[in-house]
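None of these values were measured; they are calculated from a predicted model.
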Amino acid sequence: MATRARATDGKVTKAQAEARTRKTEVDNKVRRYDPAETRTRVLEAAYLLFGTRGYASTGTADIAAQADVSEGSIFYHFGSKRALLVELGKLHGLKIIAAMQGDDRLEDVTFTASLNRCFDFCEVNNVWEKSRSCSEQGAERKIHKQNPEAEPFFHAAKETVVAWTRAHLEAVLAKQGITNVRPDITSNLIFSAVGEAMHLYFEPDTTAEMKAHIRSESIRFCDAAAGLSSFQPRQD
């Protein structure tokens, strides 16, 4: 044993050399991006993978590979996978908001425009395993049963979208001179109602005709909730 130890003194084994090479490759990747870009790459990679593979089937190593960064950088920037979920929820909410508002000024966005854009966004963006809902409502019934740990995502997304909805309502109500509506309450009610509409919209057996009705009823409900119109019988 002593002879073998002396034979390897001062020498680098093949395994050690390979390990150092791998570490150097990882270090080079970390140095390739500045902190802001690394953070952005991790968020976008996680958003993509959680949306296509699901939360439970995606590990931090998968995210690191997709983002082309070291796995350690994920924990450096976010602390934990759960904390990463919160940031992803905010990101998802911001993506929905960008879709709903488009290039319009906040006070000029109608529910006809914003809700149709939201439905269109959700048609394209398949988020979180077997559900494609834009909101916590409806989707959470499926997701939380499968992955309770995903709750931070939905909570953060909800807070982000509700905050925008409130600001939108305040701007519209001020423009229209409407003073008898509480934006703080109404924004939460609208979020819940639209969430239920999304749940119905993405049921497997929902027909194209029913989807059109769900969109129109959602718009009519939100207009009425904001005091912009009264409920009228649907025209078939």
Do [X] and [Y] have side chains that approach each other closer than 4.5 Å (heavy atoms only, starting at C-beta)?
X	Y	result
Val109	Met100	no
Asp108	Lys175	yes
Asp184	Leu169	no
Val69	His77	no
His92	Val161	no
Thr40	Tyr33	no

Ring pair (Phe, Tyr, Trp, His ring centres under 6.0 Å) contacts in which one or both residues fall within residues 157-177, not counting sequence neighbours: Phe111-His168, Trp164-His168
Do you know the tightest heavy-atom contact between [X] and [Y]?
X	Y	answer
Val181	Ala226	CG2-O, 3.6 Å
Ala156	Lys90	CB-N, 3.9 Å
Leu106	Val172	O-CG2, 4.1 Å
Pro152	Val86	CB-CG2, 3.7 Å
Ile96	Cys118	CG2-SG, 4.0 Å
Thr58	Leu49	OG1-O, 3.5 Å

Chi angles and distances behind the side-chain contact (heavy atoms from CB on, under 4.5 Å) call for Leu84, Leu43: CA-CA 8 Å; Leu84 175 59; Leu43 283 172; 3.8 Å; yes
With salt bridge (charged side-chain N to carboxylate O under 4.0 Å, His left out) as the rule and sequence neighbours excluded, what pairs involving residues 55-65 come up?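 Sorted result for residues 55-65: Arg53-Asp62.
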Spell out, as yes or no, whether a donor-acceptor pair under 3.5 Å connects the side chain of [X] to the backbone of [Y].
X	Y	result
Arg166	Pro183	no
Thr186	Arg182	yes
Ser216	His213	yes

Can you tell me how far [atom2] of [Y] sits from [atom1] of [X], rounded to the nearest 0.5 angstrom?
X	Y	atom1	atom2	answer
Ser218	Ile190	OG	CD1	11.0 Å
Leu85	Phe50	CG	CZ	5.5 Å
Arg215	Lys211	CZ	NZ	8.5 Å
Leu115	Thr110	CG	OG1	8.5 Å
Glu87	Phe78	CD	CZ	6.0 Å
Asn116	Ile219	CG	CD1	4.5 Å

Decide yes or no on side-chain contact (heavy atoms from CB on, under 4.5 Å) for Ile214 and Thr206, but give the supporting numbers first. CA-CA 10 Å; Ile214 291 171; Thr206 302; 4.2 Å; yes
Report whether Leu88 and Phe75 are members of the same hydrophobic cluster (ILVMFWY, side-chain heavy atoms less than 4.5 Å apart, transitive linking). no
Joint cluster assignment, Tyr76 & Ile74, ILVMFWY side-chain distance < 4.5 Å: no
Applying ring-ring contact (aromatic ring centres under 6.0 Å, His included) to Tyr201 and not counting sequence neighbours gives Phe119
Crowded around Asp103 CG? As in, over 12 foreign heavy atoms under 6.0 Å? no
